[in-house]
Amino acid sequence: MADIERHWNTPSDFKAAVESAVPLPQIYNSLQDSKQTLVPVGGPCSRQLTWYECGPTVYDSAHMGHARNYVTFDIVRRILEDYFGYSILYVMNVTDVDDKIIRRAKRNYLLQQYERQHTDGAEVLAEAHTTLANSVAAQSSKLSTAQSEAESARDEAKAARSQHLKEASKKEKLAKELETAALQEDLKLKQLQSAQKQLQQRGSQASVPDILAIAGDVMGDLLDKQQGHTVTDKDIYRQHAARYEAEFLEDMDALGCRRPDVMTRVSEYMTEIVEYIQTIMSNNMAYESNGSVHFDTQAFRDAGHVYGKLNPWAVGSAALAADDPDTWQGNVRSATQQTLLCGRQLSLESPPGTLLGAKAVLTPSPLWLTGANLTGWHIECSAMASRIIGQQLDIHSGGEDLRFPHHDNELAQAEAHYHTCGCQQWVNYFLHTGHLSIEGLKMSKSLKNFITIREALASDFTGRQLRLMFALSPWDRPMQYGQQAADEMKAKETLFRNFFQNVEVVMRRSNTVKHKTKWDEGDGKERGLAKNIQQAQQRVHEALLDNLNSKAALDALLDLVKDTNKYLAERQGNTQGPPAQPFLVRKAAAYLTRILRIFGISAAAPDQLGFGGDAAATASASEGAAKYLDAFALFRDTVRSMAKSNKSPGQMLAACDRIRDETMLELGVRLEDRGDESVWKLEDPAVLRREQQAKQQDAAEQKLKKLVSAHSKKQAELARLQKLIQLPSIQEATKDKFSKFDADLNPTHDHEGNQLDTKAAAKAKKVVDKEKKARDGLKKIENDPDLMPRTEAEVKQLEQEIEELKHMLKPKACNGVS
């Protein structure tokens with residue numbers, strides 16, 4: 001990266017801020033691809049920041065890749081606001097006018113119409129096979145082109161590196177991005193081929209809904225091409241966008257994300273966007289052609305600006321400039337033009353040196369248009385962010401995939417708009433979250449390798465768990481979604497939860513009037529714990545100063561948990577020694593709670609410890625108390641009744657287990673047996689239920705293994721019995737050797753009728769003894785006529801139990817996700 005020139009103007013008083021005695025946070029700035037001191041536009045002493053976040057394009061349900069972006073930046077925002085004390089004007093857009101929305105709304109509408117009008121499964125199946133075959137052929141061609149582009153880029157990068165050329169790093173970066181693009185095209189091809197295979201397996205018996213569930217995407221695209229122009233009802237598009245905007249906001253609430261201070265919808269800013277474009281035209285950096293307006297990057301450069309600040313290596317690459325290659329009409333892609341405003345027709349003719357970074361218009365455009373115009377995707381963010389914040393932003397953020405062309409084009413358009421004001425840097429700090437990957441590729445709707453937020457929350461995840469999982473990964477680095485990340489997160493959540501519950505028990509059982517509060521100086525354990533708390537606080541502070549590193553901060557908190565647990569174990573394990581000091585233990589728990597609350601992982605009130613939002617918050621309320629008193633009264637009645645009936649100790653202990661595992665669980669009480677006493681802890685009933693379900697699942701899995709083993713043995717026994725019954729008599733089995741036998745079934749004559757001599761008779765006896773041994777089990781069958789039917793019934797019973805267990809066992813979270 002050292003040989004790639006990067007352009008970044010330091011904020012005002014930057015040097016003074018870097019040299020300040022009071023350190024300011026460092027943050028990874030994509031404009032330099034390095035960590036830089038965060039200095040507000042107002043100077044190092046200012047506590048005001050402006051932040052524009054690229055929001056969703058609301059054409060479908062949000063997935064875990066979106067959650068990674070929005071939850072991660074919510075954590076970053078909370079750290080800046082709640083830990084460092086900045087006041088942030090946080091702006092987020094919602095793209096509710098976009099070709100993806102248009103296409104998806106039309107496709108869904110046309111598919112619904114198609115399903116109502118076509119009831120002949122054979123006809124639909126034939127059309128699906130043809131459409132899929134055409135799509136596979138087209139995708140194969142795309143893959144070949146992508147692989148060819150990646151290979152050429154690799155060769156150029158290798159040659160540049162061997163010759164020590166200045167642009168070697170630029171070419172290597174480009175080659176890497178093109179290789180990823182080729183992998184994505186390969187995944188799309190495999191998915192189409194998989195759909196073909198599924199259709200073949202379903203065969204002629206497949207219903208129309210089944211066929212469309214498999215091939216609906218490609219058939220929807222075909223219907224759009226054939227009939228899309230007939231869908232002119234604006235409400236179809238408005239309702240589609242409104243539905244998914246509402247769903248997105250609900251998902252963010254479920255994940256605990258703070259709402260933005262300002263939310264800008266594209267449909268509400270059409271006039272402002274057009275005015276913004278007119279200003280760029282008046283500054284001679286955009287021009288009109290065939291009813292559309294295009295941005296002129298050559299004029300932009302000639303005016304003294306730099307294009308491609310974020311990804312300079314990607315400038316000029318058609319493959320990387322195309323936001324959504326599937327939207328290009330006639331499969332035409334160009335790296336020489338960016339569309340700001342589209343009319344009813346879009347010409348791809350343009351003078352050399354301009355860049356196309358937006359998307360072709362759908363014709364005719366049916367949406368919320370200004371006249372007959374549809375604004376380009378990049379211009380909307382430039383215009384709306386400028387409208388709210390102005391000509392200089394502190395922070396702009398989004399996913400890594402938005403660096404180029406979207407964010408590079410935003411920068412260029414804004415600087416062109418504010419050219420007469422001398423604007424050379426519209427954004428001071430660009431933040432990009434690392435991709436959330438699945439099987440090595442980013443999670444994406446276009447790749448169809450995503451899990452929606454609602455699916456994740458409906459399985460074994462809570463919003464807190466997902467937030468903790470993201471906080472355990474550096475915000476600016478790629479993250480792999482899968483079982484390993486989920487297991488690590490759940491283990492650490494359990495560690496935190498158990499710690500808070502143990503501290504609560506210490507606080508509840510402490511009696512500072514009876515117990516000494518003076519620290520024991522003999523072993524220095526209190527002084528050691530106090531030092532551990534101070535060290536954890538310092539580590540957390542340093543971690544957050546260093547790129548707002550939530551992972552390193554959580555590591556420090558987990559170490560403090562271990563140190564405090566060790567202190568408690570040593571103090572509580574020695575009944576003759578000094579007691580644990582509850583105030584000091586509470587200090588550790590209070591600090592943990594504070595940092596977890598800043599990250600949004602804890603919902604505890606300022607005077608609460610732990611995660612909050614559970615039974616602990618309401619246990620003292622009269623309504624809550626009534627439930628516990630009712631449970632106690634019912635248990636007392638049960639014990640009294642059993643005592644009067646002279647029930648056994650085992651039955652009474654079973655009743656004790658039931659109140660622990662059933663009654664108290666639903667009340668959010670965890671009862672733990674500690675020797676001859678019990679300890680209670682308050683917990684979210686949902687957490688307790690999940691734990692119980694996990695135990696039941698493990699027990700069921702163990703039982704299933706035993707049943708499978710027993711079935712295998714019983715099946716073998718049945719097979720042996722069936723084989724025994726089918727065996728011929730000894731005479732029949734040896735008729736090719738012997739013809740006559742005595743009363744004990746010993747052979748006396750060979751198969752030709754000749755009497756056996758003594759030696760031959762001895763050999764013949766061995767043959768017959770072997771046959772007799774093979775039939776030993778027949779006596780058991782003869783003596784027990786029910787043996788065979790009973791064994792068959794036992795095999796069937798085991799098979800039934802195995803099937804019932806398999807049906808009961810639910811798949812684990814992230815099952816099938818690597």
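What's counted below: heavy atoms across the whole structure, side chains too, no hydrogens, waters or symmetry copies. These figures come from a predicted structure and were not determined experimentally.
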Rounded to the nearest 0.5 Å, what separates atom [atom1] in [X] from atom [atom2] in [Y]?
X	Y	atom1	atom2	answer
Ile533	Lys531	CD1	NZ	13.5 Å
Ile79	Ser550	CD1	OG	5.5 Å
Leu548	Phe599	CG	CZ	9.0 Å
Ile601	Ile75	CD1	CD1	6.0 Å
Leu584	Trp519	CG	CH2	5.5 Å
Met489	Gln465	CE	CD	4.5 Å

Stepwise side chain to side chain donor-acceptor pair (under 3.5 Å) test for Tyr567 and Glu526
CA-CA 8 Å; Tyr567 167 78; Glu526 281 73 28; 2.5 Å; yes
Where [X] and [Y] come nearest, the two heavy atoms and their spacing:
X	Y	result
Leu393	Ala385	CD2-CB, 4.2 Å
Ile451	Ala456	CG2-N, 4.2 Å
Ala553	Ala543	N-CB, 3.7 Å
Thr72	Phe470	OG1-CB, 4.1 Å
Arg467	Leu255	NH2-O, 3.1 Å
Pro44	Val39	N-CG1, 3.8 Å

Stepwise, does the side-chain contact (heavy atoms from CB on, under 4.5 Å) test hold for Ile453 with His63?
CA-CA 5 Å; Ile453 293 172; His63 56 64; 5.7 Å; no
I'd like to know if the side chain of [X] pairs up with that of [Y] as donor and acceptor (distance under 3.5 Å, no hydrogens or angles considered).
X	Y	answer
Thr433	Glu400	no
Ser437	Gln480	no
Gln693	Gln697	no

Quick one: are the ring centres of [X] and [Y] less than 6.0 Å apart?
X	Y	value
Tyr28	Tyr429	no
Trp8	Phe14	yes
His541	Tyr83	yes

Which word best sums up how the rings of His396 and Trp426 line up, parallel for under 30°, tilted for 30 to 60°, or perpendicular for over 60°?
perpendicular
Ring geometry between Phe611 and Phe496 (parallel below 30°, tilted from 30 to 60°, perpendicular above 60°):
perpendicular
Is it true that [X] and [Y] make a salt bridge, defined as a side-chain N closer than 4.0 Å to a carboxylate O?
X	Y	result
Asp523	Arg571	yes
Asp559	Arg539	yes
Arg403	Asp33	yes
Arg454	Asp251	yes
Asp661	Lys695	no
Asp82	Arg597	no

Test log, rule side chain to side chain donor-acceptor pair (under 3.5 Å), inputs Gln425 and Gln392
CA-CA 7 Å; Gln425 183 167 285; Gln392 193 163 34; over 6 Å; no
Given Tyr52 and Tyr90, is the ring-ring contact (aromatic ring centres under 6.0 Å, His included) satisfied, shown in steps?
CA-CA 6 Å; Tyr52 182 82; Tyr90 198 91; 9.3 Å; no
Just so I know, are the side chains of [X] and [Y] near enough to count as touching, which here means a heavy-atom distance under 4.5 Å?
X	Y	result
Val503	Phe500	no
Gln26	Leu545	no
Glu570	Lys566	yes
Ser87	Gln48	yes
Pro40	Arg47	no
Arg670	Arg497	yes
Leu592	Val561	yes
Arg77	Leu80	no

Phe461 ring centre to Lys490 NZ or CZ under 6.0 Å, with the angle to the axis within 45°?
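Pair Lys490/Phe461 counts as cation-pi.
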Can you list the steps and then say if Ser30 with His432 is a side chain to side chain donor-acceptor pair (under 3.5 Å)?
CA-CA 7 Å; Ser30 298; His432 292 98; 2.7 Å; yes
Answer yes or no: are there more than 12 heavy-atom neighbours, outside Arg258 itself, under 6.0 Å from its atom CZ?
yes
Is atom CD of Glu455 surrounded by more than 12 heavy atoms (other residues, nucleotides or ligands) closer than 6.0 Å?
yes
Within the distance-only criterion (no hydrogens, no angle test), does the side chain of [X] pair as donor or acceptor with the backbone N or O of [Y] below 3.5 angstrom?
X	Y	result
Thr50	Asp394	yes
Asn547	Asn549	no
Arg6	Leu310	yes
Asp74	Tyr70	no

Between Asn532 and Thr564, does a side-chain contact (heavy atoms from CB on, under 4.5 Å) hold up when you go through it step by step?
CA-CA 8 Å; Asn532 289 336; Thr564 309; over 6 Å; no
Using the side-chain hydrogen bond (donor to acceptor under 3.5 Å, both in side chains) criterion, which residues pair with Glu53? Sequence neighbours excluded.
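Partners of Glu53 by the side-chain hydrogen bond (donor to acceptor under 3.5 Å, both in side chains) criterion, ordered by chain and then number, come out as Asn69, Ser397.
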Between Ile395 and Asn428, is the side-chain contact (heavy atoms from CB on, under 4.5 Å) condition met? List the steps.
CA-CA 6 Å; Ile395 298 172; Asn428 282 344; over 6 Å; no
Please assess Asp684 against Thr462 for the test side-chain contact (heavy atoms from CB on, under 4.5 Å), listing each intermediate value before the final yes or no.
CA-CA 12 Å; Asp684 184 346; Thr462 64; over 6 Å; no
Test Gln608 against Thr593 for side chain to side chain donor-acceptor pair (under 3.5 Å), laying out the working first.
CA-CA 8 Å; Gln608 263 191 301; Thr593 302; over 6 Å; no
